[in-house]
Amino acid sequence: MEEVATISVQVNGQRITRTVPVRMSLADFLRQELELTGTHVGCEQGICGACTVVVNGRCSRSCLMLAVQVDGGTVETVEGATETGRLKPLQDAFYARAALQCGFCTPGILLTAAEFLDEHSAPSRAQIREALSGNYCRCTGYQAIVDAIETASASWRRPG
Amino acid sequence: MKPSKFRYHRVRSQDELLQLLADNAGDARILAGGQSLIPMMNLRVAAPALLLDINDLQELGQITVEPEVVRIGALVRYRQLEASSVVKSELPLIAAALPHVAHLAIRNRGTLGGSLALADPAAEMPACILALDATLVVASIRGRRRIAAADFFRGPYETALGPDEMLEAVEIPRRPDALYFFDEVARRHGDYAIAGLAGIAPRPRQETGSLRLVYFGVSDRPHLARSALGLLAAGPVSDDRLAAAEAAVIEGLGTVNDGDGQGALRRHLARVLFRRAVRRLTEQSWS
């Protein structure tokens with residue numbers, strides 16, 4: 001018997017109620033139930049970082065959380081963070097520097113970089129690289145990504 | 001890569017958890033941060049029948065300072081430890097190790113208690129709490145008991161925890177003035193270490209006898225290099241004594257993990273880390 005549960009969660013500012021199998025990952029819930037396919041599924045074991053979303057205000061691997069665990073909580077995906085404009089300085093810098101090729105890793109990197117910039121003003125390139133250590137990019141060699149995040153850090157508005 | 005079927009229960013109180021553990025001993029797994037358990041389930045290395053989600057048990061998420069120890073609840077996340085001024089001032093060894101634990105998104109959810117209860121031989125935190133001679137507080141419906149870190153880790157992914165027991169907290173002796181050392185060699189920042197070493201020594205350094213060096217990633221559990229203690233006790237550390245201590249430490253490692261064919265590299269790294277640690281902890285340098 002597949003156990004199911006009804007969950008109520010705020011996703012990108014919108015209250016959503018769904019009944020899901022308890023073994024469904026948050027990543028699959030976002031992609032398959034809500035069609036928020038900006039969250040990418042790479043390794044499904046927490047290594048690649050492509051599925052990174054913001055859960056209750058913090059970056060989390062959506063492949064390492066069950067959908068049922070976000071019942072009563074909030075989730076922000078790359079779609080939501082784009083709509084609010086929170087990622088705009090990063091997205092502009094990524095565009096200007098061509099800091100992506102296939103784009104598979106980009107949503108996870110944008111959300112990771114946003115949380116990092118919220119907490120670090122004028123970070124060094126070494127710090128940026130360390131912050132990106134949990135996000136695989138197999139196209140770029142990271143150089144342009146580090147450049148873009150460095151550029152975005154200059155105009156980044158830190159919260160609070 | 002999806003987990004096999006399981007039942008899921010979000011636990012409302014610690015009493016409820018203990019009862020459920022007693023009723024389902026062996027079939028239930030506690031879900032804390034899930035940063036190791038969920039990938040193991042996705043890979044179907046683990047397939048618990050019942051998942052007990054403890055993320056609502058806020059009483060397990062506290063860091064409290066007591067006269068002798070810092071008590072860290074089992075659900076305290078790495079993120080909280082990184083942000084804690086108490087950890088920085090009282091447990092600088094833990095603070096030094098935290099940046100090596102996985103990555104930002106993993107540290108946001110992963111818990112200290114989860115890492116200790118999982119007992120991955122290559123993990124940083126078991127080695128740190130063994131170096132700090134911490135005590136683990138374990139609870140079950142039968143009551144509460146305290147287990148020294150030295151008795152807790154029994155092998156790869158094996159601990160002294162019984163099937164009906166939960167890890168409640170770890171009590172770590174406060175060491176604000178101690179000299180400490182932490183280093184690891186990993187393929188990539190945030191990966192599990194090929195080999196690492198956590199060490200602590202009292203200040204002033206005359207009492208080198210109470211130097212504690214703990215390897216991780218090298219053998220099947222965190223390894224306290226006991227033979228180092230006597231050889232470096234009291235008096236200046238000469239090159240001869242250092243070489244003798246190093247030889248004894250490497251000999252004392254016993255069987256080195258060679259599952260990936262890197263056993264010889266681990267032995268080499270164990271020497272390198274030993275030299276770095278002793279140099280740092282004795283505040284001396286030599287060539």
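Numbers restart at 1 for each chain; the letters A, B, ... are given by sequence-line order, proteins then strands.
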Is any side-chain heavy atom of B:N108 closer than 4.5 Å to one of A:V55? no

CD/B:Q35 to OG/A:S60 distance, rounded to the nearest 0.5 angstrom? 7.0 Å

Residue pair A:R58, B:R109: steps toward the side-chain contact (heavy atoms from CB on, under 4.5 Å) verdict: CA-CA 9 Å; A:R58 293 284 182 198; B:R109 286 208 62 84; over 6 Å; no

Exceeds 12 heavy-atom contacts within 6.0 angstrom, atom CZ of A:R15: yes

Give, as side chain, backbone, both or neither, the part of B:L37 having an atom under 4.5 angstrom from any heavy atom of chain A. neither

NZ/NE/NH1/NH2 to OD/OE distance under 4.0 Å, B:R79 and A:E115: yes

Contacting moiety of B:K5, where chain A heavy atoms sit under 4.5 Å: both

On a heavy-atom basis, which atom in B:Y8 and which in A:Q69 lie closest, and how many Å separate them? OH-CG, 3.8 Å

Comparing A:V41, A:D71, A:V54 against chain B, the one with the most heavy-atom pairs below 4.5 Å turns out to be A:D71

Once you round to the nearest 0.5 Å, how far does CD of A:E44 lie from CE of B:M41? 13.0 Å

Crowded around B:R187 CZ? As in, over 12 foreign heavy atoms under 6.0 Å? no

On a heavy-atom basis, which atom in B:N42 and which in A:C63 lie closest, and how many Å separate them? ND2-O, 3.4 Å

Heavy atom to heavy atom, less than 4.5 Å: which residues from residues 47-63 of chain B reach chain A? B:L51, B:D53, B:N55

Tell me if the NZ atom of A:K88 is crowded by more than 12 foreign heavy atoms within 6.0 Å. no

For the student: nearest non-hydrogen atoms of B:A105 and A:R61, plus distance: CB-NH1, 3.7 Å

Rounded to the nearest 0.5 Å, what separates atom CG in B:L104 from atom CG in A:N135? 8.5 Å

Looking at side-chain heavy atoms only, is the closest gap between A:I47 and B:R188 below 4.5 Å? yes

On a heavy-atom basis, the closest approach of A:R23 and B:P3 is NH1-O, 2.8 Å

What heavy-atom pair brings A:G46 and B:I106 nearest, and what distance separates the two atoms? O-CD1, 3.8 Å

Rounded to the nearest 0.5 Å, how far apart are NE2 of B:H103 and CD of A:E130? 10.5 Å

What residues form a side-chain hydrogen bond (donor to acceptor under 3.5 Å, both in side chains) with A:D118, not counting sequence neighbours? A:W156

Interface check, chain A: of B:A102, B:S4, B:P99, B:G34, most non-hydrogen pairs under 4.5 Å belong to B:S4

Quick one: closest heavy-atom pair of A:E3 and B:F6, and the distance? CB-O, 4.1 Å

